[in-house]
Amino acid sequence: MPAERQTPDDWFAARGWQPFAFQREVWAAVAAGRSGLLHATTGAGKTYAVWLGALAAFGAEAAPHTVLWITPMRALAADTTRALADAAAALAPDWRLGARTGDTASAERARLDRKPPQALVTTPESLTLMLTRADARAQLGRVRMVVVDEWHELMGSKRGVQVQLALARLRQWNPALVVWGLSATLGNLATARAALLGAENAGVLVQGALPKQLLIDTLIPPSMERFPWGGHLGTRMLEPVVAEIDAAATSLVFTNTRSQAELWYQALLAARPDWAGLLALHHGSLDKEIRDWVELGLKEGRLKAVVCTSSLDLGVDFLPVERVLQIGSAKGVARLLQRAGRSGHAPGRPSRVTLVPTQALELVEAAAARQAALARQVEPREPPTKPFDVLVQHLVSMALGGGFTPDAMYAEVHSAYSFRALTRAEFDWALGFVEGGGLSLAAYPEYHRIARDEAGVFRVPSVAIARRHRMSVGTIVSDAMMSVSWLSGGRIGSIEERFLAYLKPGDCFVFAGRVLELVRVQAMTAYVRKATKTRGVVPQWGGSKMPLSSELAGASLQMLARAHAGDFAEPEIAALRPLLELQERWSALPTPDRLVCETFRSREGHHFLCYPFAGRMVHIGLGSLLAWRAARDRPGSFSISMNDYGFELLSAEPVDWRGLIDAGLFSPAGLMDDVLASLNASELARRRFREIARIAGLVFTGYPGAPHSARQVQASAGLFYEVFRQHDAANLLLVQADSEALEQELELGRLRAALDRMSALPLLLAAPPRPTPFAFALMVERLRESLSTEKLHDRVARMLRELEAAAGPASPA
DNA sequence: GACCTGCTGCGGCCTG
């Protein structure tokens, strides 16, 4: 006898819960066959809203693969499946659930293939792989509904584009496909919905507005006199952090970088040896087994604190965390809200995050972050525009997955939001590129990846190409990493080749919270043993830079404006008052209504400082641009340094900055040409091309267990870059590399906005007697890039003058 | 009166 089917109302009643209004709204929409985006800041309510709707709408029809549930992390798949199964047991007892990700065991895969479950939890990559099967349509042609969890995480990246394209395919097969996205902490919901639902599908937008109490406070340094003006490590705050951890049952301590996590872990253990075994470390370069152990420890409440990076941003929904500490700037409001949400993760419990500044100006940022977070000024995420590398990969995938005809495929791709402006000519270029390798690769059969059969359908003609393609599906590109393993066996994690290149056998380094001695390096693996020493170098991984978001930068300027107006009500600003007043006395505080620049002289030379608060990427661009413009007519040499608040140009010779500014130094006119001339834009584009070549399937990174080294991958990507530049300059992958370099590395749009603002605002050009507090932060960041238009003999002449000056009678400092 | 930067995410082969 079949089990009784419950309704969503029954299900809630059985638990003694009252459904929220937004939950009803969602399941009614699903029942009506409508798609949509559900945005809310708490997790469980969202999952049940969509899932109960799906079960109520489709539960009676027990067809295989009725619902696909996409999660961006494999680690979430098991928990999600369990949660879904619980509700399915009540509403659709005859449904089976399954999970399929890269680490699904082969026996389970076979079982899933033989007898597909009604609902499958999977990742974007695994879904694409399913779509590359010859029988994809038979398997997935009748999918009724797709739910994309954590859509805000995916939508701004090429992974999100991959999801868009997979959905476009499923929609082609089933035009009535219902698609739902679940999102949190996002500033541009309308775009999120459009990107998920395709260019033409409007769908509903549901706000799951649960009032969530949010507490953001700051650990004020005990002694501001001794608190650093620059730096980012923050170990000066060790004692207060120890006290906070001590007072709570469990804490997460977020840091911005993996090396910072390693250092803080060491420092905390040194301060509290009795916490050995209660304190853990978690970041993306540690082996999965270690991370699993840490996550389990948190779940079971065995751990007092975990020092981590964004590796624990997602996926700890069910973990009992009492306190969240954020060391250093969170850089963005969305990230801060995300991390705050790691604590008090239950309806009715407040989320709390405590900010730990690492240097003086971060106190301003902390107060600003609180204001912006409470006002929910959350950063938008923009879907990529026409990423040709993803398109090229997709065409091969679809040729594998049953094949396609050009007209139909153009229409399908065009229906995806990121390709809504794709022209037929661009599509035909991509098609020609995968068919014949384009202008420069025509002679190489391995780049003739698809071919038209007698019926005019494009397919992949070679088994070898098919295999290689399936092994390279996806858009996540990471640098070649070396495994770190015990000499006695067992993997600890991974580390950059570049870092290990500096070490020789016998050297010690700190990793995974221990001091390790390098024994030997062999086949992309570094073999280590426990070191007898207690100190070692801490590896640095070459992650990408995280600039301060516009939202947070703007809020910081607002906060400074309040201080300028004499408002020191925020505790962080009160603590910083002496320093801010010093800045005001010697120079001025930057505010939204004025631009502050400073010039002064030191033994190092002539300094020019400017504080646009546009984030470090833009400041790199601004610094190089202004240095180039200032030096255009007159050879000179500038050293550039920058941080998130401003930049500094240092020159040996005095410069008439006022005159240059009056003559249009900040003018946005001719920006593009000047940027291209002032920066090594082609080097940036070449770097971007490495990723593009990998995604487009030009570069193979090796078989699992036998990865190619970074040098190999780099060399072959570089080769393609050169060949295309010379013989195929109109190659759209090159065009993409250029535009990615400009938009993502240089943030050209933000750079232009900064120049517009700088040239419109009243300028306050101060000549302080000494480096101001704002200047100091920049001076200790000293020198990443230098730009020299100076001829060699000029430099020699200058050095001679300096020597003479130094040899002469000492002048008072 | 100053040193400590740089995240995350997935997938996959061949062994007569």
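These numbers were taken from a predicted model, which means no experiment stands behind them.
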Check the orientation of A/Y703 and A/F700. Use parallel for under 30°, tilted for 30 to 60°, and perpendicular for over 60°.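 Rings of A/Y703 and A/F700: perpendicular, as their planes differ by over 60°.
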Find which nucleotide of DNA chain B each of A/R470 and A/L233 is nearest to by heavy atoms, and output the residue with the more 5' nucleotide.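 Going by which nucleotide is closer to the 5' end, it is A/L233.
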Here's a test of your reading of the structure: between A/L263 and A/R694, which maps to the more 5' nucleotide of DNA chain B?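 Between the two, 5'-proximity favours A/L263.
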I'd like to know if the side chain of [X] pairs up with that of [Y] as donor and acceptor (distance under 3.5 Å, no hydrogens or angles considered).
X: A/R291; Y: A/S311; value: no
X: A/E598; Y: A/T772; value: yes
X: A/R491; Y: A/S483; value: yes

[N] [atom2] sits how many Å from [X] [atom1], rounded?
X: A/H708; N: B/dG12; atom1: NE2; atom2: P; value: 18 Å
X: A/Y703; N: B/dC13; atom1: OH; atom2: P; value: 10 Å
X: A/M642; N: B/dT5; atom1: CE; atom2: P; value: 13 Å
X: A/M224; N: B/dG1; atom1: CE; atom2: P; value: 16 Å
X: A/L76; N: B/dC10; atom1: CG; atom2: C1'; value: 13 Å
X: A/F254; N: B/dT5; atom1: CZ; atom2: C1'; value: 18 Å
X: A/E362; N: B/dT5; atom1: CD; atom2: P; value: 12 Å
X: A/E365; N: B/dT5; atom1: CD; atom2: C1'; value: 14 Å

Hey, what are the protein-to-nucleotides 7-9 of chain B N/O distances that come in under 3.5 Å?
unit_1: B/dC7; atom_1: OP1; unit_2: A/R258; atom_2: N; d: 3.4
unit_1: B/dC7; atom_1: OP1; unit_2: A/R258; atom_2: NE; d: 3.2
unit_1: B/dC7; atom_1: OP2; unit_2: A/R258; atom_2: NH2; d: 2.5
unit_1: B/dC7; atom_1: OP2; unit_2: A/G543; atom_2: N; d: 2.4
unit_1: B/dC7; atom_1: O3'; unit_2: A/T309; atom_2: OG1; d: 3.3
unit_1: B/dC7; atom_1: O2; unit_2: A/S310; atom_2: OG; d: 2.9
unit_1: B/dT8; atom_1: OP1; unit_2: A/G284; atom_2: N; d: 2.7
unit_1: B/dT8; atom_1: OP1; unit_2: A/T309; atom_2: OG1; d: 2.3
unit_1: B/dT8; atom_1: OP2; unit_2: A/R258; atom_2: NE; d: 3.1
unit_1: B/dT8; atom_1: OP2; unit_2: A/R258; atom_2: NH1; d: 3.3
unit_1: B/dG9; atom_1: OP1; unit_2: A/R291; atom_2: NH2; d: 2.5
unit_1: B/dG9; atom_1: OP2; unit_2: A/R291; atom_2: NH1; d: 3.4
unit_1: B/dG9; atom_1: O3'; unit_2: A/P72; atom_2: O; d: 3.4

What nucleotide among [options] has an atom nearest to a side-chain atom of [X]?
X: A/R467; options: B/dG11, B/dT5, B/dC13; answer: B/dC13
X: A/M471; options: B/dC10, B/dT5, B/dG12; answer: B/dG12
X: A/L129; options: B/dG12, B/dT5, B/dA2; answer: B/dG12

Does a side-chain N or O of A/S472 approach OP1 or OP2 of B/dG11 to a distance below 4.0 Å, or not?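 Answer no for this pair, as no side-chain N or O of A/S472 is under 4.0 Å from OP1 or OP2.
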Any ion pair linking A/R468 and A/E446 (charged N to carboxylate O, less than 4.0 Å)?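 Here A/E446 does not pair with A/R468 in a salt bridge, since their nearest N and O are not under 4.0 Å apart.
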Select base, sugar-phosphate, or nothing to describe what [X] touches, counting heavy atoms under 4.0 Å on all strands.
X: A/K331; answer: base
X: A/G160; answer: nothing
X: A/F700; answer: nothing

How long is the gap from CG on A/D135 to CE on A/M130, to the nearest 0.5 Å?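 One gets 9.5 Å once the value is rounded to the nearest 0.5 Å.
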Checking A/R449 side chain against A/A466 main chain: does a donor-acceptor pair fall under 3.5 Å?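 The answer is no, because no donor-acceptor pair under 3.5 Å joins these two groups.
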